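Reviewing the structure listed below.
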There are 2 protein chains.
Amino acid sequence: MSGRPTIKEVSKIAGVSFKTVSRVLNNEKHVSEATRRKVEEAVATLNFRPSHAARTLAGRKSFQVALLYDNPSPYYVYHIQAGAQERCVELGFRLLHQPCDSEAEDLTQGVTALIDEAHLDGVIISPPVSDAMPLIEELERRKIPFVRIAPGIARGSTLSVAIDDVAAGRELTEYLIGLGHRAIAFVKGPPNHISSEERHQGYRDALDAHGVAYDPDLVVQGDYSFASGRKAAESLLARTDPPTAIFAGNDDMAAGALAVAHERDIVVPDALSIAGFDDTDLARAVWPPLTTVHQPVRDLAWSAANLLLDGDGKHRQLTLDHVLKKRASTGPAPKA
Amino acid sequence: MSGRPTIKEVSKIAGVSFKTVSRVLNNEKHVSEATRRKVEEAVATLNFRPSHAARTLAGRKSFQVALLYDNPSPYYVYHIQAGAQERCVELGFRLLHQPCDSEAEDLTQGVTALIDEAHLDGVIISPPVSDAMPLIEELERRKIPFVRIAPGIARGSTLSVAIDDVAAGRELTEYLIGLGHRAIAFVKGPPNHISSEERHQGYRDALDAHGVAYDPDLVVQGDYSFASGRKAAESLLARTDPPTAIFAGNDDMAAGALAVAHERDIVVPDALSIAGFDDTDLARAVWPPLTTVHQPVRDLAWSAANLLLDGDGKHRQLTLDHVLKKRASTGPAPKA
DNA sequence: CTGAAAGCGCTTACAG
DNA sequence: CTGAAAGCGCTTACAG
């Protein structure tokens with residue numbers, strides 16, 4: 001039914017055996033330049049495309065890897081996909097985008113099913129799935145190559161790419177301290193996102209280093225959503241001694257806090273400084289634009305794909321640079 | 001090397017021929033309940049997963065479709081992916097996420113290559129790729145099943161799902177007119193997004209219907225980006241007779257216009273009303289929240305997948321409802 | 001309701 | 001440097 005030409009038809013036109021066509025397609029050595037050229041011409045003439053299914057079935061590689069994600073942030077997912085996709089295509093691999101539920105009972109089963117069905121050559125795992133330990137352990141047991149993006153737990157010897165969330169959290173906090181702030185609140189992300197815990201650790205480290213007492217009442221649980229940022233800000237600003245600065249674990253929550261400030265006519269940054277994390281589009285779209293930490297999301301995924309498919313096996317853990325972005329949502333602490 | 005069990009091993013354990021196992025896997029009729037049960041048990045015991053490559057190669061269906069997208073909006077792409085993915089998985093299909101360049105010379109060639117390599121059963125095409133006519137025509141020629149999301153051109157008899165952008169643009173404009181605005185600016189999206197042209201048409205229709213003169217100087221070209229919204233607002237507000245309302249073709253541009261207003265201490269909505277389109281997360285994250293048109297992005301993609309894979313062949317064009325969201329970024333026109 | 005044969009379009013050893 | 005045989009793990013006709 002499908003008029004797709006096959007390797008055999010190509011071989012007929014090129015006047016060689018179909019095995020030779022296969023060699024050319026796979027860029028094998030030991031093919032004379034003349035033969036190679038003839039085959040390439042025949043391929044172009046027929047507009048031949050090798051069947052991926054046939055290659056996968058016959059060969060020992062599928063040239064397919066999956067990207068696992070479970071993240072409510074369109075911005076994050078979009079850039080993770082773009083970076084991973086770019087590097088995979090460059091290296092001749094297809095990338096399957098696989099949403100999943102990192103908390104689900106059957107996460108491991110679902111992923112191993114995909115691995116088997118699709119004969120996957122490897123898996124790229126973005127947070128928070130990158131910290132789903134039962135899955136990670138099963139992949140190690142089955143010797144499936146994988147790479148983790150921003151894993152917080154047991155980074156160990158597995159392939160991984162991340163930024164230094166602790167250092168970034170510390171830098172941002174130190175910047176706020178430098179502006180004169182002492183009552184600095186922190187809004188945490190969901191517990192299964194280890195990065196959030198690390199940013200919180202950096203916040204504590206900075207307070208300690210500068211002799212500012214850590215006040216647990218100024219640390220509020222959020223879930224990385226805009227709504228949770230609103231809620232956190234409302235509870236913080238309801239205090240008799242509200243903070244002069246709010247450091248939210250990501251930009252969405254910072255935007256939520258900012259909306260609360262606007263509603264209450266609290267001028268940012270004059271009366272209240274607000275900072276986020278990630279430097280998503282949102283950070284530049286709100287007013288005033290958010291002071292935040294730029295995270296190279298796309299590069300993280302690009303590097304992860306590169307490590308998985310084209311790594312040297314030696315450099316197994318990669319740490320990329322982050323950048324503190326000072327914008328108008330933060331300013332000197334108001335005089336008491 | 002891979003210890004994957006095959007259909008033959010399942011058949012041995014179940015005590016039937018491997019052909020019968022195939023029947024059970026494909027939910028064919030004419031299998032006794034007892035036999036079916038035995039096979040299913042064997043499948044569970046071995047944790048058997050059929051090889052997708054083998055099924056594709058042997059059968060005439062690959063149970064694979066691709067989603068084509070070329071859209072700089074993470075929000076839009078994320079929800080399009082989620083909706084299409086959900087319905088595909090429900091119907092037993094795998095969805096390949098395929099970014100592409102709708103303006104590229106070799107768009108058609110790239111897509112047909114994917115179709116051949118992956119033996120695709122169909123294609124879901126999101127805007128602006130859904131209006132790349134050379135591609136659409138080639139798919140028709142090759143009789144590849146496809147469905148277009150929000151196509152503007154030649155909707156014709158091809159499968160498609162959309163909202164009524166003209167009506168939505170008209171409603172939003174009428175709302176602004178109802179608030180007393182007469183000098184209403186419109187910021188257009190990029191020319192290859194036909195939806196933008198249609199929203200603009202709705203804007204014109206509303207002006208006409210209410211006897212408001214159409215002023216071409218109040219229509220500014222943008223490209224759906226935040227930055228272009230900023231630029232548009234800057235040029236509009238530099239006029240000696242600036243508009244009292246700005247209707248931006250999407251939320252990102254509206255957010256850009258809003259930022260300009262903030263910078264210049266123009267109070268929104270008291271001195272200037274601003275409206276967007278799409279109702280992305282951004283619309284609710286900025287201050288004041290944007291009046292906009294809610295577009296059921298996820299449903300559009302879900303319905304597109306459904307039409308492609310489970311349609312009745314009769315209802316070929318689907319129009320989903322939009323909703324005007326009145327929020328705080330628009331208000332009565334200031335008294336002259 | 002169930003089965004034995006052929007074949008999908010490639011790659012993998014193995015030869016020469 | 002090139003080729004003939006076998007086989008990957010399934011589905012498709014064709015039988016009975």
Side-chain angles (χ1 to χ4, degrees), chain A residues 1-39 42-43 46-64 92 94 113 115-121, chain B residues 1-39 42-43 46-64 92 94 113 115-121:
Chain A
M1 155 155 199
S2 86
R4 299 177 77 251
T6 72
I7 202 176
K8 298 203 174 175
E9 288 154 60
V10 174
S11 70
K12 247 174 238 164
I13 292 195
V16 297
S17 78
F18 71 86
K19 173 57 203 158
T20 298
V21 175
S22 171
R23 283 204 179 84
V24 172
L25 291 176
N26 289 290
N27 270 315
E28 286 177 28
K29 294 173 183 175
H30 308 306
V31 179
S32 77
E33 198 44 53
T35 306
R36 180 180 303 275
R37 193 134 1 170
K38 275 191 300 182
V39 171
V43 164
L46 288 174
N47 202 8
F48 167 77
R49 300 287 170 183
S51 160
H52 190 268
R55 299 185 98 162
T56 299
L57 189 57
R60 41 167 58 123
K61 288 189 78 172
S62 71
F63 295 98
Q64 259 181 169
R94 181 188 290 166
I115 290 171
D116 286 344
E117 282 171 13
H119 305 248
L120 293 186
D121 291 337
Chain B
M1 155 156 198
S2 86
R4 297 177 79 251
T6 72
I7 201 176
K8 298 201 173 172
E9 287 153 60
V10 173
S11 71
K12 247 174 237 161
I13 293 196
V16 297
S17 78
F18 70 87
K19 173 57 203 156
T20 299
V21 176
S22 171
R23 284 204 179 84
V24 172
L25 291 176
N26 290 289
N27 270 313
E28 286 177 29
K29 294 173 183 174
H30 308 306
V31 180
S32 77
E33 199 44 52
T35 305
R36 181 180 303 275
R37 191 131 7 166
K38 275 192 300 183
V39 170
V43 164
L46 288 174
N47 201 10
F48 166 77
R49 300 288 170 182
S51 160
H52 190 267
R55 299 185 98 162
T56 299
L57 189 56
R60 42 168 57 122
K61 289 189 77 172
S62 70
F63 295 98
Q64 257 179 172
R94 179 188 291 168
I115 290 171
D116 286 344
E117 281 171 15
H119 306 247
L120 293 186
D121 291 337

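Everything numeric here is computed off the predicted structure, so don't read it as measured data. A, B, ... follow the sequence lines: proteins, then strands. Residue 1 opens every chain.
- Across all strands shown, dA13(C) remains unpaired; no Watson-Crick or G-U wobble contact has both distances below 3.5 Å.
- If you take CD1 of Ile7(A) and C1' of dT12(C), they are 13 Å apart, rounded to a whole angstrom.
- Listed for the Arg49(A) side chain is no donor-acceptor partner under 3.5 Å among the backbone atoms of Ile115(B).
- Using a 4.0 Å heavy-atom cutoff across all strands shown, Thr56(B) reaches no nucleic acid atom at all.
- The stretch residues 18-33 of chain A comes close to DNA chain C through Phe18(A), Lys19(A), Ser22(A), Asn26(A), each having a heavy atom under 4.0 Å from the strand.
- Arg60(B) has a side-chain polar atom (N or O) that falls below the 4.0 Å cut-off from OP1 or OP2 of dA13(D).
- Remark: dA4(D) base-pairs with no nucleotide in the shown strands. Criterion, Watson-Crick or G-U wobble with two distances under 3.5 Å.
- Minimum atom distance to the side chain of Ser17(B) is reached by dG3(C), of the listed dC10(D), dG9(C), dG3(C).
- Here the NZ atom belonging to Lys61(A) is positioned 10.5 Å from the CG atom belonging to Asn26(A), to the nearest 0.5 angstrom.
- Looking at heavy atoms from C-beta onward, Val21(B) lies in side-chain contact with Leu25(B) at the 4.5 angstrom threshold.
- Atom NE2 of His52(B) is separated from atom C1' of dC8(C) by 15 Å (rounded to the nearest Å).
- Residue Phe63(A) contributes atom CZ, which lies 9 Å from atom P of dT11(C) at whole-angstrom precision.
- Residues Ser51(B) and Leu57(A) have side chains in contact (heavy-atom distance under 4.5 Å, counting atoms from C-beta outward).
- Rounded to an integer number of Å, the gap from His119(B) NE2 to dG9(C) P is 8 Å.
- Between the CZ atom of Arg37(B) and the P atom of dC1(C) there is a distance of 14 Å, given to the nearest Å.
- When the side-chain nitrogen and oxygen atoms of Thr35(A) are compared with OP1 and OP2 of dT2(D), one or more of them lie within a distance under 4.0 Å.
- A donor-acceptor pair is defined here as one N or O able to donate and one able to accept, closer than 3.5 Å; such a pair exists between the side chain of Gln64(A) and the backbone of Ala118(A).
- When atom types are taken as modelled, the side chain of Asp121(B) and the backbone of Ser62(B) share a donor-acceptor pair closer than 3.5 angstrom.
- With a 4.5 Å cut-off on side-chain heavy atoms, His119(B) and His52(A) do not count as touching.
- In this entry the distance linking CG of Leu57(A) with P of dC8(C) reads 13 Å, nearest Å.
- For Arg55(A) and dG9(C), the CZ to C1' distance is 11 Å, given to the nearest whole Å.
- Going from atom NZ of Lys38(B) over to atom P of dC1(C) covers 14 Å, rounded to whole Å.
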